[in-house]
Number of protein chains: 2
Amino acid sequence: MSNGRHLKKGSPTPDVPEDGILRLYSMRFCPFAQRVHLVLDAKQIPYHTIYINLTEKPDWLYDINPQGKVPALELVRETGPPVLTESLLICEYLDEQYPLRPLYPRDPLKKVQEKLLIERFGAVLGAFFRASDGGDIEPFWCGLDIYEQELSLRGTDFFGGEQTGILDYMIWPWCERLELLKLQRGDDYNYDELRFTHLTKWLERMKRDVAVQAFYMEAEVQAEFLRTRSEGNPNYDLLVKADV
Amino acid sequence: MSNGRHLKKGSPTPDVPEDGILRLYSMRFCPFAQRVHLVLDAKQIPYHTIYINLTEKPDWLYDINPQGKVPALELVRETGPPVLTESLLICEYLDEQYPLRPLYPRDPLKKVQEKLLIERFGAVLGAFFRASDGGDIEPFWCGLDIYEQELSLRGTDFFGGEQTGILDYMIWPWCERLELLKLQRGDDYNYDELRFTHLTKWLERMKRDVAVQAFYMEAEVQAEFLRTRSEGNPNYDLLVKADV
């Protein structure tokens, strides 16, 4: 495996044990990959992580997954083996294939309503990226209003009810990055606790969630990664400890 | 109801019977709406269609569905009533809620593989629109190569097997429009029956499918609609017969 290091062009095929355990091709700073980590961790499904340098992808990645996409989940126990891509589709598959600790509602109507709220978050994360890039932040807050209102309507600790569900995890990566926005924008960061009373409490609850903690990253590290990336030389291995 | 006529701004709320039957807000020339019609028709689920003039949407549409999106499915029997949007999510909901004549595979792996092929068709339909708009047609053929190869691998009459499945219906609207491309591009239309041997036979089989026939439209009518639209005055009601 990669010991947290992001494998790049020229690196040998990773030495992953042939133990039948799922293999997740990921990138430590990717919010879409984070979705898959959250679901795997929340459901306590064992998996190996192979981190990929997305700027200089290793050639063997294309043998495993011709599109070279990350996140990708390799189902080593299945014939092929098949490799799944698209964070939302991977998460849905995991929830169906591993029914313990279900994250999606079983009722078709409730399920599609969660999916619509996840789908709609696509616009919010677009607004997040623009705000993080120095653009207007208000469209991002307007996007979050929908989720503030929804959580208020539900009257529960989490979108999933008394415990986290799929909507909590699918929107979390960008909510975790509120601290990053704060750091990036300084005085221009105008998060309003009165506007987001329910989300504010939810953020604190989420930070105590075991799956969230397992992949949590300090805003300073995220910011440093983005800084190196904007300079054209992304440092994927900021969190890798030097070999002893 | 609208008797096939597309209701526009200023039109009264449609007079739909209060019979508990699903209501589909649609547009006759929209390939995304067509997906929902195909699934409803294939599964023989009764529904009322309310056609919407998308250029001048009626105000009451926003009362039913604040985003004003089409296709939208109103579940009149449920409390709210909820209104679902996004063609793929509506179709998935219908397949789960109405289990007769299932269109998605039940096995989670086979199911996610169909969804990935549907997701990937997003690039193909993008290439279709560009080809239909006079752009290079080869990217569209390259996109179709994936489905030709897949059908060849499966060795079945339809993507769904011996009968149509979800993938057949989700890609159909753009495949039906091959005739439109032919009409639009004239001598520049280079569909290759040798390149698409399996898809060519599949197209003929699909044209005999009852659900496909129920919403089938001649290329000349599609072309005429696009012509009126490009002139800034889309004629949504080309298929509406004059009142007798």
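Sequence lines set the chain letters: A, B, ... in the order given, protein chains first and strands last, and positions in each chain run from 1. What you are looking at is a predicted structure, and each value in this text was computed from that prediction instead of being measured. Worth knowing before you read on, the calculation uses all heavy atoms, side chains too, and leaves out hydrogens, waters and symmetry mates.
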Those residues that, when tested against B:Lys110, pass side-chain hydrogen bond (donor to acceptor under 3.5 Å, both in side chains) (two or more places apart):
none
For residues 53-65 of chain A, give me every residue with a non-hydrogen atom less than 4.5 Å from any non-hydrogen atom of chain B.
none
When you look at CD of A:Glu193, are more than 12 heavy atoms from neighbouring residues, nucleotides or ligands closer to it than 6.0 Å?
no
Chain A contact via B:Leu75 - side chain, backbone, both or neither, heavy atoms under 4.5 Å:
side chain
Under a 4.5 Å heavy-atom cutoff, which of B:Asp107, B:Leu109, B:Asp95 has the most pairs with chain A?
B:Leu109
Can you establish whether the number of heavy atoms outside A:Lys43 located under 6.0 Å from its atom NZ is more than 12?
yes
Can you name the nearest heavy-atom pair linking B:Pro82 to A:Gln113, along with the distance?
CB-NE2, 3.5 Å
B:Gln67, CD: over 12 other non-hydrogen atoms inside 6.0 angstrom:
yes
Flag if over 12 foreign heavy atoms under 6.0 Å of CD, B:Glu138:
yes
Counting only pairs under 3.5 Å, give me each side-chain donor-acceptor contact of residues 114-130 of chain A, with atom names and distances, residues two or more places apart or in other chains.
unit_1: A:Glu114; atom_1: OE1; unit_2: A:Arg154; atom_2: NH1; d: 3.1
unit_1: A:Glu114; atom_1: OE1; unit_2: A:Arg154; atom_2: NH2; d: 2.5
unit_1: A:Glu114; atom_1: OE2; unit_2: A:Arg154; atom_2: NH1; d: 3.2
unit_1: A:Lys115; atom_1: NZ; unit_2: A:Glu92; atom_2: OE1; d: 2.9
unit_1: A:Lys115; atom_1: NZ; unit_2: B:Glu92; atom_2: OE1; d: 2.6
unit_1: A:Arg130; atom_1: NH1; unit_2: A:Gly126; atom_2: O; d: 3.4

With sequence neighbours excluded, residues passing salt bridge (Lys or Arg N to Asp or Glu O under 4.0 Å) with A:Asp157:
A:Arg205
